[in-house]
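Note sheet for the following structure.
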Amino acid sequence: MTQERPLTEAIPLDGQALSLRGYEQVGGYQGLRKALREMSPQAVQEEVKKAGLRGRGGAGFPTGMKWSFVPMGDNAPRPKYVVANADEMEPGTFKDRYLMEGNPHQLIEGLILAAYATQADVAFIFIRGEYKLAQERLAKAIADAYAAGYLGKKILKSDFALEMILHVSAGRYMCGEETGLLNALEGKRANPRSKPPFPPVAGLWGKPTTVNNVETLANVPHIIAKGLTWYQSLSRSRDYGTKIYGASGKVKRPGLWELPMGTPMREILEEHAGGMRDGLRFRGVLPGGASTDFLVEEHLEVPMDFIEVQKAGSRLGTGTMIVLDDHTCPVGMTSNLIHFFAQESCGWCTPCWSGLNWAKQILAAMEEGRGEPGDLDKLAFQTKFLAPGNTFCALAPGAAEPLQSALKYFREDFERHILEQRCPWKS
Amino acid sequence: MLTVEEREEIEAELARYPTKEAVCIDAMKIVQRHRGWVSDESVRDIAELLEMSPADLDGVATFYNLIFRKPVGRHVAMLCNSVSCWIMGYEKMHKHLTDRLGIQFGETTPDNRFTLLPIVCLGACDHAPAMLVDNELHTDLGPERIDQVLEAYK
Ligand SMILES: Cc1cc2nc3c(=O)[nH]c(=O)nc-3n(C[C@H](O)[C@H](O)[C@H](O)COP(=O)(O)O)c2cc1C
Ligand code: SF4
Ligand code: FES
């Protein structure tokens, strides 16, 4: 049996975007038709909840549950908002760009369904400024959706109305953090907000707002159109559906593959990514983008889903893996990652900006042959301060993950840098 | 002063948002599209139009990477320095670019042709190393490929 790939199988292979007609021909907007014809907003929420869809933006929060926090009914504050988080700035992550460039209507339909399920009035697609091609294709697709009656007033002749706005951001990792994103949309610096209240209760301009990742939303039309039994059968695990996995680094065939949720890491890296380039050995992997803990050879059999990757000591994150080989310096890689997080820290909390800058300097010095004996303890100490609960948002704990796990799995490499007073990978 | 065209483009955005402030990043990007960068004078003009204080607007401007508060060259080249590109040879590409252009990050060539900047992950990690020139993506970079890309921007 060939495996179904609902999110990507209709994406044209010639690099073009799937048109509105093309999307309709493969069943596009049937989920929306069905919802408007025969389902209440609560029924849509319930279906997504039962399907077990979990957020693909990094944290894996159950989507239907998030929607159920939105106040409903005639007395709910208005207008209500939904936002597609298309900021995709997590280093090593390149799945949302592919989905938006290849099948923009799938995201639009998913966002309309999220709006219907939460009775929202306005939908934003918050996209990073660098994604020019995706912006052009989404702008056209939104215009086509308006013209075809999928957006605007009286959608498909029902009483449901929705405006959709493409918002192009101006670049900063913090804009992807849910509440930083809300501030960015309001024209402010993208500092995070204190929670509670959570956005589904009080978000954009104080009104209920639901933020979901692009890949999360792309799942929704299929769940509604084909039902949850079908949806759950796609997966090989207790986290349902398919997942878009990726691999970058020195594998033979870097790329993206939509596979059953729970596909083992080894299968993805060996069968799909073709294994390591000739002459190189696998040393480790960040399983879901820059802000996840390293896993190593002993973890290769781990099924890539939220539950199992967490058991192995890391997180599924975005599901796009960054592979470390034996000709690449693990200290240099960690230094690059921490440099990124230090630069993108918004400066609000001391453990984050001062801790990350300190760690950045220690790692850079180590790479330059100026490491000192106490450095590893200092770095380990910093990861404690960056841990969850000490900071305002998840950037700092996310930064701690690759650092703490690099110290654990590549300790000898760190020690060699200090002992030899040089980076052994630099000739 | 804002041109009539800039003003009209900003006003079109105002219609879509509930507050004037919400449009401020778009407004700066509109001005930047016309003039290449956002000067102190433009900050004051935009702030006045949107009923914000220039200091608040400047605070927003400096937060975002894609708003340029200093003049840039005719073309802006941005080299990805994030982790997948780093693994795939970022440092060599960086050296090649800076040698070739004779400038460091943050600088502009004397003939005003290129400004060179670092940028975070461009979502092209399976085709690393990657760079943007004037917001167009170029991937699978090597020294020769970089030379070809630069040639295309006069
Ligand atoms: C610093 C930071 C950056 C983030 N960037 C993104 C992003 O670019 N895209 C995204 O979907 N989620 C991002 N997230 C996660 C969001 O906060 C949020 O959890 C997500 O958009 C929710 O969508 P989901 O439930 O559909 O996954 C980021 C989180 C943090 C802490
Ligand atoms: S953890 Fe870092 S990025 Fe998040 S609010 Fe604090 S300082 Fe800002
Ligand atoms: S790390 Fe350079 S494009 Fe992703």
Tell me, side chain or backbone of [X] under 4.5 Å from chain B's heavy atoms, or both, or neither?
{"X": "V168(A)", "value": "both"}
{"X": "D96(A)", "value": "neither"}
{"X": "E163(A)", "value": "neither"}
{"X": "A184(A)", "value": "both"}
{"X": "Y173(A)", "value": "neither"}
{"X": "F124(A)", "value": "side chain"}
{"X": "H167(A)", "value": "both"}
{"X": "T328(A)", "value": "side chain"}

Best-contacting candidate, S248(A), G171(A), A170(A), against chain B by heavy atom pairs under 4.5 angstrom: A170(A)
Between E88(A), E90(A), K250(A), the one whose heavy-atom pairs under 4.5 Å with chain B are most numerous: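 The option with the most such pairs is K250(A).
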Criterion side chain to side chain contact (heavy atoms under 4.5 Å, CB included) on R128(A) and V120(B), from CA distance to verdict: CA-CA 12 Å; R128(A) 65 180 291 198; V120(B) 301; 4.1 Å; yes
R97(A) side-chain N/O to G123(B) backbone N/O, donor-acceptor pair under 3.5 Å: yes
Under 3.5 Å donor-acceptor, K29(B) side chain and G129(A) backbone: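 No; judged by distance alone, with no hydrogens or angles, the pair does not exist.
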4.5 Å side-chain heavy-atom contact, [X] and [Y]:
{"X": "E186(A)", "Y": "E21(B)", "value": "no"}
{"X": "T320(A)", "Y": "D126(B)", "value": "no"}
{"X": "N135(B)", "Y": "Q135(A)", "value": "no"}
{"X": "N65(B)", "Y": "E344(A)", "value": "yes"}

Options P18(B), A61(B), A27(B), ranked by heavy-atom pairs under 4.5 Å with chain A, top entry: P18(B)
